[in-house]
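To start, the structure itself, in structure tokens.
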Amino acid sequence: MTTSLLKDAFAHHVWATEQLIDACGDLTREQLVAPSPGTYGPIIETIGHLVSSDAWYLSFFVEDPARIREDASTTLADMKAAMASNRARWMDLLTGELDPDKDVVERGDDGEEFHAPLGLRLAQVIHHGTDHRSQVCTALTSLGVTPPEIDLWDFGQATGKTREVPAPAP
């Protein structure tokens, strides 16, 4: 079986979110809830929104993803556990036969429907995560905290997917 072209993107998405949650583990409660102008909101709310939305996106494809409450009672440990739990669900989804043009319908409580193709929905998951992780990194920087290195090259190095080969000696 071939590997999905999206596997690395989703593996990075989960890894980077977990790395960011870990980096926030030493912050004080005051730092976690501090306003962060120009972003979604305080660090704890932004991460909570990212993780909660991730499970919501996943719910279109699998039953009963690990969910968190998007409120002040949810801890960073709860958020990391939800991401870790859903990692396998994302990977399982990506190993299946996926039709990027399949219409995925979201139905509102009022009967309204929103249609979007599967490929677009999966792209949104990655975009959403990247956007909010960037906002948390901005918030960390504004607090004087160096954010973790979480770009794709860092993921490649951490997972052994990239390597450097020294130039031959002259």
Side-chain angles (χ1 to χ4, degrees), residues 3-62 65-94 116 119-167:
T3 301
S4 169
L5 286 172
L6 294 173
K7 183 180 176 194
D8 285 335
F10 275 81
H12 168 261
H13 166 70
V14 173
W15 173 87
T17 303
E18 291 174 339
Q19 295 298 304
L20 193 57
I21 291 169
D22 286 346
C24 293
D26 291 334
L27 298 179
T28 65
R29 183 73 185 158
E30 291 76 26
Q31 289 172 309
L32 286 171
V33 299
S36 185
T39 69
Y40 178 86
I43 289 171
I44 194 76
E45 289 179 20
T46 305
I47 296 173
H49 170 72
L50 188 166
V51 174
S52 176
S53 296
D54 197 70
W56 180 77
Y57 291 129
L58 186 57
S59 74
F60 286 96
F61 311 109
V62 302
R67 296 184 185 265
I68 62 157
R69 292 175 50 104
E70 200 172 326
D71 63 27
S73 71
T74 304
T75 67
L76 290 171
D78 295 333
M79 295 176 200
K80 186 172 179 182
M83 285 303 292
S85 176
N86 287 332
R87 175 193 303 112
R89 291 179 170 109
W90 282 121
M91 294 302 115
D92 286 346
L93 173 69
L94 296 172
L120 190 65
R121 286 188 181 272
L122 293 176
Q124 171 59 18
V125 173
I126 300 302
H127 166 73
H128 185 259
T130 300
D131 186 36
H132 287 305
R133 284 189 300 271
S134 175
Q135 292 174 2
V136 172
C137 288
T138 297
L140 288 170
T141 301
S142 73
L143 293 171
V145 176
T146 302
E149 299 292 329
I150 56 172
D151 73 16
L152 280 157
W153 299 127
D154 297 309
F155 169 73
Q157 184 176 18
T159 60
K161 289 194 168 275
T162 61
R163 60 187 166 79
E164 289 188 38
V165 177

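What you see is a predicted model; the values in this text were computed from it and never measured. Below, each value reflects all heavy atoms present in this structure, side chains not excepted, and no hydrogens, waters or symmetry copies. Numbers here simply count residues along the sequence, with the first being 1.
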Side-chain donor-acceptor contact under 3.5 Å, Asp78 with Thr75: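 Yes.
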Any donor-acceptor N or O pair under 3.5 Å, side chains His127, Gln124: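 Side chains of His127 and Gln124: no pair found under 3.5 Å.
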Is any side-chain heavy atom of [Y] closer than 4.5 Å to one of [X]?
{"X": "Thr159", "Y": "Asp8", "result": "no"}
{"X": "Val145", "Y": "Gln31", "result": "yes"}
{"X": "Leu5", "Y": "Leu94", "result": "no"}

Give a yes or no on whether the ring-centroid distance for His128 and His13 is below 6.0 angstrom.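 Ring-ring flag for His128/His13: false, centres at least 6.0 Å apart.
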Any side-chain to backbone donor/acceptor pair from [X] onto [Y]? Under 3.5 Å, distance only.
{"X": "Thr46", "Y": "His132", "value": "no"}
{"X": "His12", "Y": "Trp153", "value": "no"}
{"X": "Thr74", "Y": "Glu70", "value": "no"}
{"X": "Ser59", "Y": "Trp56", "value": "yes"}
{"X": "Ser85", "Y": "Ala81", "value": "no"}
{"X": "Gln19", "Y": "Ile150", "value": "no"}

